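So you know, we letter chains A, B, ... as the sequences are listed, proteins then strands, and number each from 1. Keep in mind the model is a prediction, meaning the values are calculated, not measured. The analysis underlying the following values was restricted to heavy atoms, covering all of them including side chains, and did not include hydrogens, waters or symmetry mates.
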There are 2 protein chains.
Amino acid sequence: MSAVPETVDLLLTARWIIPVQPASQVLEDHALVVHQGRILQVLPRDEALQRFTPEQHLDLPEHVLIPGLINTHGHAAMSLLRGFGDDLPLMTWLNDYVWPAESRFVDERFIADGTQLAMAEMLRTGTTFFSDMYYFPEVVAEVAQHQGMRAQVCFPVLDFPTNWGSGPDEYLRKGLALRDQLRHSELIQVAFGPHAPYTISDGPLSQIATLAEQTGAAVQIHLHETAHEVTEAVQNTGLRPIRRLSELGLLTPTTQCVHMTQLDDNDIALLKESGAHVLHCPESNMKLASGQCPVHKLLEAGINVALGTDGAASNNDLDMFGEMRTAALLAKSVSGNAAAVSAHQALAMATINGAKALGREQDLGSLEAGKLADIVAVDLGDPLVQPVYDPASHLVYSTNSRQVSHSWIGGQAQLVDGKLKRIDLQELHGRIAQWQQQIQQAKNSG
Amino acid sequence: MSAVPETVDLLLTARWIIPVQPASQVLEDHALVVHQGRILQVLPRDEALQRFTPEQHLDLPEHVLIPGLINTHGHAAMSLLRGFGDDLPLMTWLNDYVWPAESRFVDERFIADGTQLAMAEMLRTGTTFFSDMYYFPEVVAEVAQHQGMRAQVCFPVLDFPTNWGSGPDEYLRKGLALRDQLRHSELIQVAFGPHAPYTISDGPLSQIATLAEQTGAAVQIHLHETAHEVTEAVQNTGLRPIRRLSELGLLTPTTQCVHMTQLDDNDIALLKESGAHVLHCPESNMKLASGQCPVHKLLEAGINVALGTDGAASNNDLDMFGEMRTAALLAKSVSGNAAAVSAHQALAMATINGAKALGREQDLGSLEAGKLADIVAVDLGDPLVQPVYDPASHLVYSTNSRQVSHSWIGGQAQLVDGKLKRIDLQELHGRIAQWQQQIQQAKNSG
């Protein structure tokens with residue numbers, strides 16, 4: 001070991017660090033050393049100050065550092081439809097509000113503006129890596145890349161035409177071309193996004209299974225979202241949807257199953273055996289009255305469960321702090337056990353489990369030497385949320401997402417003292433206001 | 001009508017006003033006129049500007065005005081135990097954490113500091129009227145009065161001794177003396193707070209029934225919080241707790257039943273017949289895995305359901321915006337109906353229903369001419385929460401409680417531009433830190 005202090009890009013000293021791995025650890029008065037976009041080391045503050053000469057040293061005396069949050073499921077541009085028809089049965093909401101608006105308005109510009117709005121909200125509230133499943137994925141990828149935000153972009157595949165394409169062949173062709181184009185991207189990964197078992201027939205699903213195996217790309221799919229979906233599938237095909245996917249070769253360690261509110265013991269055994277991941281969206285499931293994912297049983301079975309907000313149209317925000325809290329509270333309520341999904345478990349679901357689900361646990365999801373420097377600081381110094389006996393409990397049960405003060409993606413600052421570094425909010429606000437006016441007018445006249 | 005403009009204390013003009021009564025109304029570009037602590041009128045902005053000359057005119061161009069939120073159930077000073085032992089089964093939490101800390105630390109100073117912390121958080125997040133049930137209610141009353149905050153103070157009654165008194169006789173004597181002392185208070189009302197059916201025997205409960213009838217004071221009681229409570233009561237007394245209360249004369253239109261997660265059809269019929277109120281605390285019920293209050297059935301039956309946060313030790317905040325959201329989401333999830341508890345209904349539960357439950361619907365709970373000027377303004381202009389199609393939906397599903405910008409109680413400003421007018425947060429922070437240190441040390445040393 002050299003006696004000369006090593007020069008590094010960034011040194012963060014903080015009151016607490018919760019690295020998430022090792023599990024349930026809370027480090028006090030430690031430092032995090034960042035160099036060339038990665039975490040060089042996590043070590044005691046005094047030792048860090050002796051050993052390193054940072055280009056920048058930021059001391060965060062009332063803060064806790066955590067891994068950047070990973071929002072594993074959403075439809076970013078649907079933020080433009082936030083609060084556009086609430087408290088309605090699912091089919092009324094879709095038929096009378098969402099689908100007409102989508103069919104009329106969804107184009108490149110809608111996606112670009114809506115995605116930027118969603119990214120602004122996510123970055124402000126501690127998310128550094130999100131997964132998206134929506135039309136014009138090439139626009140989502142471009143906007144995220146331009147912003148410096150990490151994203152998994154799932155290109156949609158359905159049997160029927162949409163504003164983005166004519167059907168399965170075109171969706172697959174466009175999606176694979178996008179994947180090819182972005183194969184060297186540091187920020188963006190492209191995955192298959194077959195919408196749901198009830199919107200795609202066996203042919204395209206088999207094709208996706210083959211292509212996914214050939215390319216190594218992940219597959220994200222809405223699955224067992226409602227009881228109706230499962231009942232209808234059994235009537236139509238004789239199989240529960242998860243069994244049908246399994247038989248088509250689509251249930252693998254790179255499959256991401258979204259929602260999963262209807263699961264019997266056989267489904268859980270099948271999931272476990274397959275190594276597939278569950279993306280739990282508790283607030284959307286509650287708001288749409290879809291059912292309750294049995295998270296406690298999945299965790300007991302050793303199945304990986306990550307968290308997502310779903311789109312802002314069915315949530316109605318993209319706040320992963322709220323989602324962690326709801327996930328912990330709902331699991332206790334559903335299981336009847338106050339110990340189900342602890343604060344540390346909820347935090348793991350929003351970080352390392354998300355990284356595992358999206359196939360990035362080597363690089364993301366915890367604050368460990370060698371991983372990418374996706375880091376979030378949360379200020380727990382607000383007098384109104386005192387006392388702080390346990391920062392993990394605070395993050396999950398008491399934190400207002402506006403307490404997020406800083407974030408970095410690959411070592412690049414995205415949020416500093418609560419201000420977004422790379423988005424002009426005033427200008428964005430103007431564009432969003434125009435969309436709102438158009439969408440509202442179309443609804444009123446239609 | 002005089003042609004000379006009338007001089008009034010305060011004129012508020014706002015983008016939206018949601019008066020809550022009439023139900024589901026959203027007024028655009030209206031004004032609220034406040035004079036001598038009461039609402040003089042709600043009328044169109046232009047008309048208001050012509051007819052009135054205000055001492056102060058505040059224009060809130062991106063804001064929605066709503067009635068001050070009413071938090072109908074809590075234990076304010078328990079904010080000092082926020083996050084002190086989470087994710088534990090109820091009895092472990094009580095035996096190993098809460099009760100030892102209470103027995104060692106609860107005194108006048110603990111109550112004064114803890115209650116001030118709770119009031120600061122509640123005022124910051126839009127609550128103007130809260131109900132409290134905890135020891136040393138005379139201190140709670142004094143702190144609230146000094147702060148200018150509206151409160152119902154429920155003095156505890158239990159069979160056993162606590163730091164506040166030796167048993168039922170002393171609790172009743174002290175409580176009634178406090179009620180007598182405060183009978184002319186504009187801000188504070190004193191109610192009976194028998195803790196729960198399983199901590200008080202028939203004698204004191206009958207005594208409370210008689211005294212409540214004589215004095216007209218309300219009664220608040222934890223009731224049917226868990227399945228265990230009901231099962232055990234049936235074993236011990238042959239009666240479900242609500243039936244026992246009814247037979248003892250304690251189920252009346254001035255009874256406030258807290259929690260009520262275990263209700264069969266007979267219980268609901270009994271409630272309806274009695275005119276008693278339900279105080280629903282969804283986050284506490286979820287966190288402690290107590291069960292789910294069937295709010296949709298209660299509302300269908302025409303029973304008044306109001307909202308409470310419970311204490312910060314089992315929530316872990318006192319944020320009524322979060323509580324509205326959880327109430328709406330949970331009702332949809334429990335009933336399987338996405339239309340159950342709409343945004344407007346959740347807002348009514350947090351305002352007018354609370355006023356009804358606490359016996360104050362003549363004066364509070366809606367923005368109507370003649371009512372007390374307890375008013376909250378919420379800024380919906382933040383670019384990150386755009387677009388705003390429906391401000392009611394926004395308040396319940398998308399609002400971060402830090403968007404609360406202003407509040408008034410009886411026309412007196414409590415919060416201005418997000419800053420508390422009458423609490424020194426820095427000084428409070430210092431006192432809270434001392435409590436934290438003492439409580440933590442006592443726990444660590446066994």
Side-chain angles (χ1 to χ4, degrees), chain A residues 80 82-90 93 117 120-121 124 283 285-289 291-292 312 315-317 319 322 325-326 328-330 332-333 335-343 383-390 393-394 397-398 400-402 425-426 428-429 432-433 435-436 439-440, chain B residues 80 82-90 93 117 120-121 124 283 285-289 291-292 312 315-317 319 322 325-326 328-330 332-333 335-343 383-390 393-394 397-398 400-402 425-426 428-429 432-433 435-436 439-440:
Chain A
L80 288 175
R82 182 204 311 276
F84 182 63
D86 286 313
D87 305 319
L88 297 168
L90 181 64
W93 177 64
L117 174 63
E121 186 188 357
R124 178 66 192 88
E283 294 189 356
N285 294 159
M286 292 175 85
K287 183 151 185 285
L288 298 173
Q292 297 93 21
N315 186 305
N316 294 348
D317 62 38
D319 177 351
R325 181 184 171 123
T326 302
L329 294 184
L330 186 63
K332 297 173 200 310
S333 185
S335 68
N337 174 9
V341 180
S342 69
L384 295 178
V385 296
Q386 301 307 308
V388 181
Y389 293 101
D390 172 356
S393 155
H394 248 64
Y397 298 118
S398 307
N400 186 300
S401 58
R402 296 308 197 274
L425 283 180
Q426 279 317 105
L428 177 62
H429 195 164
I432 303 308
W435 282 112
Q436 174 174 353
I439 293 166
Q440 188 75 65
Chain B
L80 289 175
R82 182 204 310 276
F84 181 64
D86 286 312
D87 305 320
L88 297 168
L90 181 64
W93 176 65
L117 174 63
E121 186 187 357
R124 179 66 193 88
E283 294 189 356
N285 294 160
M286 293 175 84
K287 184 151 185 284
L288 298 174
Q292 297 93 21
N315 186 305
N316 294 350
D317 62 38
D319 177 350
R325 181 184 172 123
T326 302
L329 295 183
L330 186 63
K332 296 172 200 311
S333 185
S335 68
N337 175 9
V341 180
S342 69
L384 296 178
V385 296
Q386 301 306 309
V388 181
Y389 293 100
D390 172 356
S393 156
H394 249 64
Y397 299 118
S398 307
N400 186 300
S401 58
R402 296 309 197 273
L425 284 181
Q426 279 318 105
L428 177 62
H429 196 163
I432 303 308
W435 283 112
Q436 173 174 355
I439 293 166
Q440 188 75 66

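For A:Ser401, the side chain to side chain contact (heavy atoms under 4.5 Å, CB included) partners at least two apart in sequence or on another chain are A:Thr125, A:Asp319, A:Phe321, B:Asn400. For B:Trp93, there are no ring pair (Phe, Tyr, Trp, His ring centres under 6.0 Å) partners, not counting sequence neighbours.
Proximity to chain A (any heavy atom under 4.5 Å) is shown, for B:Glu283, by both the backbone and the side chain. Heavy-atom distances place both the backbone and the side chain of B:Leu425 under 4.5 Å from chain A. Residue contact with chain B, scored on non-hydrogen atoms closer than 4.5 Å, involves the side chain of A:Gln292 exclusively.
Taking the charged nitrogens against the carboxylate oxygens, A:Lys332 and B:Asp87 do have a contact shorter than 4.0 Å, which makes a salt bridge. The pair B:Lys287-B:Asp86 counts as a salt bridge, with a side-chain nitrogen and a carboxylate oxygen less than 4.0 angstrom apart.
Across A:Asp317, A:Leu428, A:Leu288, the residue that shares the most heavy-atom pairs under 4.5 angstrom with chain B is A:Asp317. Between chain A and the residues B:Glu121, B:Gln426, B:Arg402, the largest count of heavy-atom pairs under 4.5 Å involves B:Arg402. Comparing B:Asp390, B:Asn337, B:Val341, B:Asn315 by heavy-atom pairs within less than 4.5 Å of chain A, the highest count is held by B:Asn315. The residue among B:Ser335, B:Ala312, B:Ser333 with the most heavy atom pairs within less than 4.5 Å of chain A is B:Ser333. With chain A as partner, the option from B:Leu330, B:Thr326, B:Val388 having the largest number of non-hydrogen pairs under 4.5 angstrom is B:Val388.
Between the CG atom of A:Asn316 and the CZ atom of B:Arg325 there is a distance of 7.0 Å, given to the nearest 0.5 Å. One finds the OG atom of B:Ser393 at 9.5 Å from the CZ atom of A:Arg82 (value rounded to the nearest 0.5 Å).
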